[in-house]
**Student:** 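Just dropping this structure here.
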Amino acid sequence: ISYGAALKLVMLAAGYPEIAPTNKNSVFSGYLDRARADGLITRTNVNLSASITRLQVAQLAAGAMKLDINNLSSVKPFTDTADVYVQALNAAGIVEGYFNNGTSTFKPGNTLTRGQVSAIVWRMRNYNR
């Protein structure tokens, strides 16, 4: 799934309204502009057509949901990332990892399928704060 499509789905799942494009070259440009304005995205080199990674989706989702990243357990759920957004989403039951031979990994650099993003979006919509 592309960064732009995932961005739109995550923002809608977090309660944002539909946002019109701000650039005729991308249907997701309005979402990018709003995400930047709200501090969800701070980097400037976002390619909305590129595949999105598990880490990027976790950071967007945790930010859009305004999850607390300060009062997390000192026990890290995954051996391959200590990212606080991933940890907060895991604590909220939004994302899971891969468990193999007693080790739990998140695989932050892996890209996501539409089905995986759909599962995250469904959990976001059903999350009880």
Side-chain angles (χ1 to χ4, degrees):
I1 188 166
S2 73
Y3 193 105
L7 175 63
K8 176 181 178 178
L9 291 170
V10 164
M11 290 179 74
L12 291 174
Y16 282 83
E18 290 274 347
I19 302 172
T22 55
N23 178 323
K24 65 181 172 94
N25 295 325
S26 174
V27 296
F28 305 116
S29 56
Y31 291 95
L32 177 61
D33 291 347
R34 178 68 184 269
R36 282 189 172 133
D38 289 357
L40 303 179
I41 298 174
T42 56
R43 57 191 187 95
T44 57
N45 61 337
V46 174
N47 180 348
L48 293 173
S49 300
S51 295
I52 195 164
T53 66
R54 290 173 56 83
L55 178 61
Q56 290 168 330
V57 165
Q59 291 169 337
L60 288 173
M65 294 176 71
K66 297 176 178 48
L67 294 179
D68 185 359
I69 58 169
N70 297 311
N71 296 314
L72 298 170
S73 168
S74 60
V75 177
K76 306 297 181 223
F78 306 111
T79 58
D80 60 346
T81 182
D83 187 87
V84 292
Y85 297 103
V86 172
Q87 189 176 352
L89 272 188
N90 178 257
I94 307 295
V95 296
E96 299 171 348
Y98 300 90
F99 193 75
N100 189 18
N101 292 327
T103 302
S104 185
T105 57
F106 184 71
K107 300 184 182 181
N110 284 12
T111 57
L112 289 102
T113 64
R114 287 187 298 266
Q116 290 168 324
V117 171
S118 295
I120 291 168
V121 165
W122 184 84
R123 290 178 194 136
M124 288 175 68
R125 294 291 292 170
N126 291 290
Y127 176 69
N128 292 318
R129 295 179 192 265

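Index from 1, following the sequence.
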**Student:** Does the side chain of Asn126 reach to within under 4.5 Å of the side chain of Arg123, using non-hydrogen atoms?
**Tutor:**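 The answer is no, as the side chains (C-beta and beyond) never meet within the 4.5 Å cut-off.
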**Student:** So do Lys76 and Thr81 actually touch side chain to side chain, heavy atoms under 4.5 Å?
**Tutor:**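 Contact flag for Thr81/Lys76 side chains = no.
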**Student:** State, with a plain yes or no, whether a side-chain heavy atom of Val84 is found less than 4.5 Å away from one of Asn70.
**Tutor:**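 Val84 vs Asn70: side chains apart.
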**Student:** Membership question, hydrophobic clusters at under 4.5 Å side-chain separation (ILVMFWY): are Ile69 and Leu60 in the same one?
**Tutor:**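 In one cluster with Leu60: Ile69, no.
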**Student:** Are the side chains of Tyr98 and Asp80 in contact, using a 4.5 Å heavy-atom criterion?
**Tutor:**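 Sidechains of Tyr98 and Asp80: no contact.
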**Student:** Could you check whether any side-chain heavy atom of Pro108 comes within less than 4.5 Å of a side-chain heavy atom of Val86, counting everything from C-beta outward?
**Tutor:**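 When only atoms from C-beta onward are counted, Val86 and Pro108 do not touch, as no gap falls below 4.5 Å.
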**Student:** With distance as the sole criterion, is a donor-acceptor pair present between the side chains of Glu96 and Asn90 under 3.5 Å?
**Tutor:**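 No, no side-chain donor-acceptor pair sits under 3.5 Å.
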**Student:** Only one of Val57, Thr113, Leu9 passes side-chain contact (heavy atoms from CB on, under 4.5 Å) with Ile1; say which it is.
**Tutor:**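 Result: among Val57, Thr113, Leu9, Leu9 is the only option passing the side-chain contact (heavy atoms from CB on, under 4.5 Å) with Ile1.
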**Student:** Determine whether the side chains of Glu18 and Tyr31 contain a donor N or O and an acceptor N or O closer than 3.5 Å.
**Tutor:**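 A donor-acceptor contact under 3.5 Å links the two side chains.
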**Student:** Which atom pair, heavy atoms only, marks the closest approach of Ala35 to Leu7?
**Tutor:**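 So the two residues come closest at CB-CD1, 4.0 Å.
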**Student:** For a quick test of reading the model, state the closest non-hydrogen atom pair linking Ala62 to Tyr85 and the distance between them.
**Tutor:**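 For Ala62 and Tyr85, the tightest heavy-atom pair comes out as CB-CD2, 3.6 Å.
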**Student:** Measure across Ile19 and Met11 and return the closest heavy-atom pair with its distance rounded to 0.1 Å.
**Tutor:**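 Looking at all heavy atoms of both residues, the shortest contact is CD1-CE, 4.2 Å.
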**Student:** Taking everything shown except Asn45 itself, do over 12 heavy atoms lie less than 6.0 Å from its CG?
**Tutor:**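 More than 12 heavy atoms, drawn from other residues, nucleotides or ligands, come within 6.0 Å of this atom.
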**Student:** Just how far is it from atom CZ of Arg34 to atom OG1 of Thr22, taken to the nearest 0.5 Å?
**Tutor:**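 With rounding to 0.5 Å, CZ (Arg34) is 12.5 Å from OG1 (Thr22).
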**Student:** For residues Thr42 and Arg36, determine if any side-chain heavy atom of one lies less than 4.5 Å from a side-chain heavy atom of the other.
**Tutor:**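 Heavy-atom side-chain distance check fails, nothing below 4.5 Å.
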**Student:** When you compare the side chain of Met65 with that of Leu89, does any pair of heavy atoms fall below 4.5 Å?
**Tutor:**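 SC-SC contact between Leu89 and Met65 confirmed.
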**Student:** So which atom in Leu72 and which in Ala88 form the shortest heavy-atom distance, rounded to 0.1 Å?
**Tutor:**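 Scanning both residues completely, I find the closest heavy atoms to be CD2-CA, 3.8 Å.
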**Student:** Would you name the heavy atoms of Ser51 and Thr111 that are closest together and state the gap between them?
**Tutor:**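 Of all heavy-atom pairs spanning Ser51 and Thr111, the closest is CB-CG2, 3.6 Å.
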**Student:** Indicate if Val27 and Val46 have the same hydrophobic cluster label, given that clusters are the connected sets of ILVMFWY residues with side-chain heavy-atom separations under 4.5 angstrom.
**Tutor:**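 Yes, same cluster.
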**Student:** Does the side chain of Leu32 come within less than 4.5 Å of Ile41's, by heavy atoms?
**Tutor:**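 Yes - at least one pair of side-chain heavy atoms lies under 4.5 Å apart.
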**Student:** Which residue pairs satisfy the ring-ring contact (aromatic ring centres under 6.0 Å, His included) criterion with at least one member in residues 3-26, sequence neighbours excluded?
**Tutor:**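 The answer is none; no pair qualifies.
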**Student:** So which heavy atom on Gly97 is nearest to which on Phe78, and how close?
**Tutor:**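 Taking Gly97 first and Phe78 second, the nearest heavy atoms are CA-CE2, 3.4 Å.
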**Student:** Rounded at 0.5 Å granularity, tell me how far CD in Gln116 sits from CD1 in Ile52.
**Tutor:**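 Going from the CD atom of Gln116 to the CD1 atom of Ile52 covers 12.0 Å.
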